[in-house]
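Down below is the structure, laid out as structure tokens.
In this text the structure is predicted, and so the values were computed from the model without any measurement.
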Amino acid sequence: MSDTKASTVPDERVWYDQFTSTDWVHDTIADSHRVKALRSRKDFWGRVRVMLDGCQGWILSAVCGLVIAIIAYAIDVAEVTIFDFKDGYCSTAWYLNEKKCCRRGPCDDWRSWSQAFNYHPFGEKWTDFTIYLTCVVGLALLSCWIALGTKTVVPSAYQLTTLDENLAALPREVGQPADGNSTDDSASPRQQDEPQQASPPMIYYSAAGSGVAEVRVILSGFVLHGFLGFQTLIIKSVALVLSVASGLSLGKEGPYVHIAACVGNIACRLFAKYDRNDAKRREVLSAAAAAGVAVAFGAPLGGVLFGLEEVAYFFPAKTLFRTFFCCIIAALSLKFLNPYGTHKIVMFQVRYLIDWEFFELVSFVFVGVLGGALGALFIKASKYWAQTFRRIPAIKSYPLLEVFLVALVTGLMSYWNALVKEPVAKLLLNLASPCDGNDENTDELGLCPGSVNDIPPILLTLFIAFLIKGFLTVITFGIKVPAGIYIPSMVVGGLMGRIVGHLMQWFVLSVPQWSIFGNCATAADGSCIQPGVYGLIAAGATMCGVTRLSLTLAVILFELTGSLDYVLPFSLTILVAKWTADAIEPSSIYDLLTNMNAYPFLDNKHKPVFTSNLADIVTRTRRERVIDITNSPLVSAVSLRSKLELLHRAGELDGGLPIIRHEVLVGLIPAPDLEFALDQLEDEQTSLCLMDRVPSIDEDDEDDADPTDFTQYIDPAPVALDIRSPMDLVYECFVKLGLRYVCALKDGKYRGMIHKKTFVRYIRQLEEEGE
């Protein structure tokens with residue numbers, strides 16, 4: 001992000017650093033003062049400025065939507081072309097993929113690699129296989145190598161508790177505060193404030209993975225440097241083309257959310273209103289992230305709901321409408337660009353002309369149970385794989401080695417299976433396509449039976465593909481390449497659903513005389529059952545089990561089918577899938593990533609059950625962590641600098657120092673403000689005034705203000721709660737008010753302070769104890 005530490009600009013106030021939290025209250029107040037000053041001018045140009053200020057949000061939404069659509073177009077066109085290079089090339093125009101090279105079916109212009117080379121020591125088939133496998137491994141390694149260029153090292157003092165599972169971090173004990181506080185009075189202050197020496201620095205790669213989990217953390221109010229920068233945008237876009245084109249079991253839809261958020265973050269630099277205010281910036285990021293889903297699925301309404309349901313932490317009404325505007329602009333721009341050559345904005349679109357039967361409701365519920373269970377089991381399998389295979393020293397130390405092994409296994413297992421070898425989007429299209437002959441999507445993979453005797457071979461083919469694709473998706477998720485989980489999880493679910501659909505079809509054909517089926521088994525093709533419907537419903541149910549998206553998924557499925565006839569089956573299946581997944585595995589895949597990477601995320605959608613109060617997590621107060629002005633309001637700058645360094649060593653760069661007099665809290669100075677004020681001093685060998693100073697007449701002008709007067713940096717009324725306050729109240733203060741810290745009082749006297757990251761750690765401890 002652009003919230004970098006600008007130490008070269010002495011007059012610029014720095015508020016946010018790595019892994020620090022956004023001060024929502026401060027940013028809201030600062031924006032209110034800005035608006036008040038802007039509206040103070042009542043002349044014509046003053047009103048023009050107010051009008052232009054109000055248009056900035058709409059301008060940014062339009063710019064973000066347009067740029068996101070252009071990037072999505074470039075990625076879609078590039079990856080499809082490179083994907084087909086593994087099998088051959090177009091002799092008339094090398095830059096065309098097979099579909100564009102042969103628009104009217106099979107043609108001689110598309111040549112396989114065995115046709116291009118005359119030397120075949122082991123036969124033409126093995127020549128094609130060798131080149132295919134080489135391309136899969138080569139593209140995957142190149143994508144990983146590019147993504148590793150976004151390596152970011154975070155010192156251990158910035159951490160929360162643990163590190164990335166791929167780097168074998170040594171986590172702190174759950175019960176030990178990372179802020180340096182301890183209830184053990186025998187420990188020295190220096191021992192209490194310094195972090196454990198055994199904890200290595202945290203390393204992450206901002207261009208790897210899907211990025212949705214990180215976008216959630218950023219929108220919740222924490223700062224992750226580098227994740228939304230220009231370098232990440234370029235590198236992830238290029239690496240995403242290569243990773244998808246390699247044929248690995250991954251998708252580009254999740255990374256679209258991250259790329260879109262990068263566009264939103266960069267676009268905020270156009271206007272100081274958003275560039276200098278972190279809370280306002282996150283309004284634009286929410287809209288941009290939603291537009292990423294809109295271009296990924298061609299579903300603008302689904303994108304809006306995704307922003308509301310998944311990534312957005314604070315979503316006021318005006319942000320909702322601007323998000324809708326941004327998604328519409330992105331969808332319209334993509335339609336004009338026409339990346340798929342069909343004048344449609346969806347990667348796959350199906351139409352079901354045959355309505356569902358009432359007796360199918362039972363099978364729809366069954367599919368929902370299977371999809372939810374499959375999604376939950378995928379999360380458990382991914383966690384197990386990360387804690388076993390990725391703990392191997394060689395795998396931890398060399399991400400390229402893991403990518404090489406995964407790509408090698410993928411190439412070996414995919415080439416010989418026609419279903420698994422297909423691109424994930426094309427495979428999902430075939431799994432969801434109907435068999436009534438009225439759809440424009442033909443049965444390219446032979447999944448439509450002509451009679452009841454054709455069903456068993458199809459079931460065997462689908463089952464083998466289901467096992468292979470499920471295994472490849474588990475081992476692929478988490479490798480250091482740009483990779484999404486949306487479409488791969490839908491493909492695995494679609495294979496399972498297609499199996500159920502054909503079993504249902506076979507059952508109806510086996511007992512056509514049952515009255516419950518009515519005239520269903522008398523159709524010309526043998527049954528009115530649509531296996532493609534089961535494939536699409538199961539795809540949505542499995543994705544729901546993985547991501548725990550509900551309403552968003554239902555709307556995306558509506559927009560993909562363009563039919564309201566299946567509103568009830570879609571909704572019912574996703575509802576059942578979510579219930580089932582929550583019962584098996586409470587955490588979504590993004591919760592898993594957040595916990596395993598120790599991102600400081602305070603979930604505002606799942607409130608824990610508290611049975612404690614504030615006293616249980618507030619530690620003893622030490623003089624090194626407070627400023628006592630009982631004897632005098634003058635404090636030495638050297639003393640303040642040492643206290644500030646203690647906060648930094650404890651990882652509380654966004655913490656604060658309470659100011660007390662006779663044990664009564666009279667104010668608080670935030671650590672970023674204190675650092676800024678101390679940096680302005682020419683000589684720190686002096687005393688500073690913190691309270692009770694009356695400015696002289698000569699200091700009415702801000703330019704003549706005394707630099708040794710720190711009164712202007714003090715918050716005279718910090719939020720404070722009684723130490724006996726229930727933990728539910730503390731949770732509401734952090735979530736609803738967006739506070740960085742809360743002070744604790746007992747009988748009106750100061751007793752301690754709880755930091756937001758400490759509270760996040762406490763909630764995580766409760767979750768681990770409840771497992």
Side-chain angles (χ1 to χ4, degrees), residues 61 64-65 68-69 71-72 209-220 228 251-265 282-317 319-332 334 345-348 375 425 484-490 539-561 570-571 574-575 577-578 581 588-591 593-594 601 603-606:
S61 298
C64 290
I68 291 169
I71 294 176
S210 72
V212 177
E214 290 78 11
V215 171
R216 285 204 317 166
V217 173
I218 292 172
L219 291 179
S220 73
L228 302 183
K252 57 180 181 289
E253 292 69 32
Y256 273 172
V257 176
H258 184 192
I259 291 173
C262 292
V263 173
N265 180 67
R282 276 155 176 75
E283 296 179 8
V284 178
L285 296 183
S286 298
V293 173
V295 298
F297 291 97
L301 297 181
V304 175
L305 292 175
F306 173 83
L308 180 62
E309 185 176 1
E310 181 63 31
V311 297
Y313 201 82
F314 179 65
F315 215 71
T319 302
L320 177 63
F321 196 59
R322 286 178 183 171
T323 300
F324 179 58
F325 175 69
C326 184
C327 290
I328 293 297
I329 293 295
L332 286 175
L334 193 65
I345 60 175
V346 292
M347 67 178 69
F348 53 88
I485 194 58
Y486 291 158
I487 295 298
S489 65
M490 293 182 73
T542 306
M543 182 176 168
C544 175
V546 173
T547 64
R548 304 305 156 85
L549 293 172
S550 54
L551 188 59
T552 301
L553 263 177
V555 173
I556 288 177
L557 294 180
F558 300 158
E559 294 184 271
L560 290 179
T561 59
F570 289 156
S571 304
I574 289 176
L575 189 65
K578 192 174 190 311
S588 70
I589 192 67
Y590 299 124
D591 296 331
L593 289 175
T594 301
F601 177 70
D603 197 343
N604 63 340
K605 298 181 178 67
H606 301 91

So do the side chains of [X] and [Y] get within less than 4.5 Å of each other, counting heavy atoms only?
{"X": "Arg322", "Y": "Thr319", "answer": "no"}
{"X": "Ser571", "Y": "Phe558", "answer": "yes"}
{"X": "Leu228", "Y": "His258", "answer": "yes"}

To the nearest 0.5 Å, how far apart are [atom1] in [X] and [atom2] in [Y]?
{"X": "Ser220", "Y": "Asp603", "atom1": "OG", "atom2": "CG", "answer": "9.0 Å"}
{"X": "Ile259", "Y": "Lys252", "atom1": "CD1", "atom2": "NZ", "answer": "11.0 Å"}
{"X": "Thr547", "Y": "Leu553", "atom1": "OG1", "atom2": "CG", "answer": "5.5 Å"}

Task: By side-chain contact (heavy atoms from CB on, under 4.5 Å) - contacts of Thr552 (at least two apart) - done: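 With neighbours one apart ignored, the set is Leu305, Phe306, Glu309, Leu549, Ile556.
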Task: Those residues that, when tested against Leu219, pass side-chain contact (heavy atoms from CB on, under 4.5 Å) (two or more places apart) - done: Val215, Arg282, Leu285, Ser286, Val311
Open item on the list: Quick one, Phe570 with Leu560, criterion side chain to side chain contact (heavy atoms under 4.5 Å, CB included). Give me CA distance, side-chain angles, the key distance, then yes/no.
Closed with: CA-CA 12 Å; Phe570 289 156; Leu560 290 179; over 6 Å; no
Task: Ring-face cation contact, Phe601 with Arg216, 6.0 Å cut, 45° max - done: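 Yes, Arg216 and Phe601 form such a contact.
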Open item on the list: Restricting to salt bridge (Lys or Arg N to Asp or Glu O under 4.0 Å), what partner residues turn up for Glu559, sequence neighbours left out?
Closed with: none
Open item on the list: Among residues at least two apart in sequence or on other chains, which ones pass salt bridge (Lys or Arg N to Asp or Glu O under 4.0 Å) with Glu214?
Closed with: none
Which heavy atom of [X] sits nearest a heavy atom of [Y], and at what distance?
{"X": "Pro255", "Y": "Gly209", "answer": "CG-O, 4.2 Å"}
{"X": "Ala213", "Y": "Thr594", "answer": "CB-OG1, 4.1 Å"}
{"X": "Ala289", "Y": "Val257", "answer": "CB-CG1, 3.9 Å"}
{"X": "Ala72", "Y": "Leu334", "answer": "CB-CD1, 4.4 Å"}
{"X": "Ala288", "Y": "Ile68", "answer": "O-CD1, 3.6 Å"}

Open item on the list: I'd like to know if the side chain of Ser489 reaches the main chain of Tyr486, judged simply by a donor and an acceptor atom lying under 3.5 Å from each other, with no hydrogens or angles considered.
Closed with: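 Present.
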Task: Ser588 backbone acceptor or donor facing Asp591 side chain under 3.5 Å - done: yes
Show me the donor-acceptor pairs within less than 3.5 Å that the side chains of residues 290-304 make with the rest of the protein, sequence neighbours left out.
none

Open item on the list: Once salt bridge (charged side-chain N to carboxylate O under 4.0 Å, His left out) is applied, what residue pairs with a partner in residues 545-554 remain, sequence neighbours excluded?
Closed with: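 Sorted pair list: Arg548-Asp582.
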Task: Phe325, CZ: over 12 other non-hydrogen atoms inside 6.0 angstrom - done: yes
